[in-house]
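No hydrogens, no waters, no symmetry mates; every other heavy atom, side chains included, goes into these values. All values derive from a computational prediction rather than experimental measurement.
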Amino acid sequence: MRRTIQAATASLFLAVGLLATTVIAQGMYTQSPYLDARVASGELPPLEERLPTTPNVVQPIDEVGVYGGQFNVFSLGNHPWNDLTEEPSRGPFLLELTIDGEFIPDLALDFEQSEDHTTFTLHLRPGLRWSNGDPFTSEDFRFKREDMREFDVAWTQSQFGTPEGFVEIPDDYTVIMHLGAPIPKTLLNMVHWKGGEWSLFHPSNYLKTWHPDYNEDAEALATEEGFDSWQDAFNWHREFNPLNDTNKPTTGFWMPVEFTTTARLYERNPYLHQVDTAGQQLPYVDTVLSQVVDPETYNLKIVAGEADLAYGSANFENFTLYKENEEAGNYVVNTMPSFQTGVAVYYFNYSHPDPVKNELFNSVAFRQALSTAINREEINDIVFSGFGVGLQHTVVRSASFYQEQWGTNFADYNPDLANELLDGMGLTERDNNGIRLGSDGEPISILIGLSANISPSRLSLHELVKEYWEAVGVGVLLRGVGASAVAPAFESMEWDVIPDNEDRGEMYVTLLDETSIQGFKNFYWRTWLDASADVASGEKTLADFEGGVLPGREPPAEIMEMANIFQDLQATVFGSVDYLFLATEYWQRWSDNVYTIGTVAETPFIFISRSNIGNIPTELPPWLEGKLDLNHFGNQWYYKPE
């Protein structure tokens, strides 16, 4: 029986995962010719010794591919988060969630979740190996959870369970995760980057070389390598951001060969556990070269036809540039639907120290007026050439519980209604420039904080919004707050309105969002709630805080009610009746109160590929969080024969 999101009930999580439906006869697997010489020389064992007993059979997006070639891509920084580099969403993951909503094994062979959601059991593929040939076993999970605890506490302890949780390994191929509390969303955590080697497991056999529990010469080795302690040496070798040790094995499609400050070279993982439906070991392409360039050069490389693939930093605002050079550059500009819930979403400072602005921002009528004063269709046409959708900010429209009224609530352009609402608030007096006067007799002026490196299209959007709001008597100042200062600005009570981009699928706007209060971008509410939770749990007392008072600001009752609804949502099974009820309740309140103001949403992803590259995706999986998650399909991309 297939298991889908749509059928997700409590029984879903009791069941075991399914093996691939395609069965390939033993001995019918084939490898890339790239590896033939290494096998012939004895450097690598034969393919049947490199694959697990039961490989994962991957159904290609369109067709079975052919081997060979190198992908030449470009990146904007010497870090993992670029096209086809080692960022965590490239995977592979323990489980997969298909576009149709099916949960299927990948690195794992099988899985079970207990009825009370307190344990999750993984059955690993016997014979599966890391890229250096080391066995991939349950010890890699125990080692990550226990022996690496002091090196990456946040990752080790919070991704899968409470600090009281632990990993049990009854044999080499069984991992029983005792979560320490009921956590229904564990299954979902397995089907994206959290279910990969950055979070759940690490190459224990390799890393034990630098750990004194397994190597009595670990301190001497650290000194020999130039480190002050074994901890420093271990941390350097285990680190993944940046990846220092290119010899550290991986489960990924390609393994690092050489990293410099300007380029990263990868070659195929000879032990990858995946084959296609014809029995060919994946990936199809043998090597990847990623070169670091600046943003302008990135686009020049695309239009010159030097990038075989480009998507992570291929911005929609350059769509016309890309299309104009499509034929000359011998590439194809693909547009893919996105999970974007707002290209620019306006967040208000509900804790503003100015009493006049505080009262305005906390008025539903004020927010309704500003929302309906925006001409979203005009923004879409002028800034995004009609490719987006004018929407109010809410949950993604593809969500299972989405209601159309949420996207249209005060989203129609109606300046007459906006003026009526503002007049109804008593804001009838204006200055000589037509700007309404606040309760203090001063002209109302809202400062919108913008990143100093804002793109031209985003700046055009905000300039249009400024015109719309000033047309109904609300003054606006657009001001840069520094290239990387938007986040710190949120942690100050001094800001008025800050726009942000929201781009996540259903999994990321409901069940997997860790703190609902974060949705308001209110640092002071979050601070108070965190401190309150510490006191309630007994971890701290009021005496631990300055003056015996909780820091931050207590959220209003309505916000506390929403936070409680969201916390209850975390304890539900994804897709269940309770899940749908609570998610609907939460987002209905969000809509009714217009807590944020959306503009345009669902502008498509730009995915540029060489004209002869096959298996380009046209749909997005439910777990996808952003454009770089498309790296996950890199194992299937191939060069079509001329």
Side-chain angles (χ1 to χ4, degrees), residues 13-17 19 51-56 88 91-96 103 105-183 185-191 193-215 218 234 237-238 240 248-251 271 273:
F13 294 86
L14 297 175
V16 297
L19 304 184
L51 289 173
T53 305
T54 307
N56 181 26
F93 313 137
L94 287 157
L95 308 178
E96 291 211 352
F103 292 93
D106 187 7
L107 280 168
L109 179 66
D110 212 352
F111 63 93
E112 305 162 10
Q113 182 155 341
S114 64
E115 184 174 3
D116 62 1
H117 310 299
T118 61
T119 64
F120 195 98
T121 302
L122 292 162
H123 301 283
L124 307 180
R125 295 179 185 272
L128 193 151
R129 297 180 180 275
W130 291 89
S131 59
N132 67 344
D134 285 345
F136 180 93
T137 69
S138 55
E139 172 65 6
D140 297 319
F141 292 76
R142 187 211 62 78
F143 181 80
K144 176 65 191 283
R145 178 76 183 189
E146 297 178 8
D147 296 317
M148 294 181 62
R149 183 182 294 267
E150 68 177 276
F151 295 95
D152 54 358
V153 173
W155 292 88
T156 304
Q157 294 187 13
S158 66
Q159 297 303 311
F160 290 85
T162 67
E164 292 74 31
F166 62 96
V167 170
E168 179 185 355
I169 52 172
D171 57 56
D172 285 348
Y173 302 110
T174 304
V175 180
I176 304 175
M177 300 171 57
H178 297 269
L179 306 175
I183 306 180
K185 68 181 180 182
T186 302
L187 177 59
L188 294 177
N189 283 341
M190 295 286 179
V191 302
W193 63 268
K194 289 186 179 181
E197 64 189 56
W198 283 32
S199 296
L200 268 188
F201 49 86
H202 257 53
S204 60
N205 187 59
Y206 182 79
L207 290 174
K208 285 177 180 179
T209 301
W210 295 274
H211 200 295
D213 288 356
Y214 307 96
N215 179 8
F234 183 90
H237 286 282
R238 71 93 193 170
F240 45 77
K248 186 176 75 168
T250 179
T251 58
Y271 292 91
H273 64 291

Does the side chain of W130 pick up a donor-acceptor pair with the side chain of N205 at under 3.5 Å?
no

Nearest 0.5 Å, please: how far is CD in E197 from OG1 in T251?
4.0 Å

Looking at T250, is its backbone amide N or carbonyl O close enough to the side chain of S131 to form a donor-acceptor pair, meaning the two atoms are under 3.5 Å apart?
yes

Compare all side-chain heavy atoms of L207 with those of M148 and state whether any distance is below 4.5 angstrom.
yes

K144 side chain to W198 backbone, donor-acceptor under 3.5 Å
yes

Stepwise, does the side-chain contact (heavy atoms from CB on, under 4.5 Å) test hold for K194 with K185?
CA-CA 12 Å; K194 289 186 179 181; K185 68 181 180 182; 5.5 Å; no

Determine whether F103 and L188 make a side-chain contact, defined as any pair of heavy atoms from C-beta on separated by less than 4.5 Å.
yes

Would you say F120 and N189 make side-chain contact, with heavy atoms under 4.5 Å?
no

Closest approach of P92 and D106, non-hydrogen atoms and distance?
CB-OD2, 3.3 Å

Sub-3.5 Å donor-acceptor pair from the side chain of R129 to the main-chain atoms of H273, do we have one?
no

Do the side-chain N and O atoms of T137 and E139 include a donor-acceptor pair separated by under 3.5 angstrom?
no

Can you tell me if R238 uses its side chain to pair, donor with acceptor, with the backbone of F151 under 3.5 Å?
yes

Side chains of E164 and H178: do they bring a donor and an acceptor to under 3.5 Å?
no

So L179 and H117, side-chain contact (heavy atoms from CB on, under 4.5 Å) or not? Walk me through it.
CA-CA 8 Å; L179 306 175; H117 310 299; 5.8 Å; no

Between A108 and P105 the two heavy atoms that sit nearest each other are O-CB, 3.1 Å

Check: S204 and R142 side chains under 4.5 Å, non-hydrogen atoms:
no

Backbone of V175 reached by a side-chain donor or acceptor of S138 within 3.5 Å
no

Using side-chain contact (heavy atoms from CB on, under 4.5 Å), reason through T119 and E168 one step at a time and then give a plain yes or no.
CA-CA 10 Å; T119 64; E168 179 185 355; over 6 Å; no

So F141 and F201, would you call those rings parallel, tilted or perpendicular, with 30° and 60° as cut-offs?
tilted

Considering all heavy atoms of both residues, which atom of Y271 and which atom of N132 are nearest to each other, and what is their separation?
CE1-C, 4.0 Å

Does K208 come within less than 4.0 Å of D213, counting only side-chain N to carboxylate O?
no

Could you tell me whether the side chain of S199 and the main chain of G196 form a donor-acceptor pair under 3.5 Å?
no

So which atom in Y206 and which in P249 form the shortest heavy-atom distance, rounded to 0.1 Å?
CG-CD, 3.5 Å

Would a distance-only check, ignoring hydrogens and angles, find a side-chain to backbone donor-acceptor pair under 3.5 Å from D140 to P203?
no

Within-4.5 Å side-chain heavy-atom neighbours: M190 and Q113:
no

Exactly one candidate in L51, T54, L109, L107 meets side chain to side chain contact (heavy atoms under 4.5 Å, CB included) with L128; the answer is L107

Pairwise distance CG(N56) to CZ(R125) - rounded to 0.5 angstrom
4.5 Å

Output for pair (T209 OG1, F234 CZ), nearest 0.5 Å, gives 10.0 Å

Determine, stepwise, if the pair T174 / H123 fulfils side-chain contact (heavy atoms from CB on, under 4.5 Å).
CA-CA 5 Å; T174 304; H123 301 283; 3.9 Å; yes

Short side-chain to backbone donor-acceptor contact, R145 and G165, under 3.5 Å:
yes

When every non-hydrogen atom of T162 is compared with those of G180, the smallest separation belongs to OG1-CA, 3.5 Å

Closer than 3.5 angstrom, by distance alone: can the side chain of T186 be matched with the main-chain N or O of I183 as a donor-acceptor pair?
yes

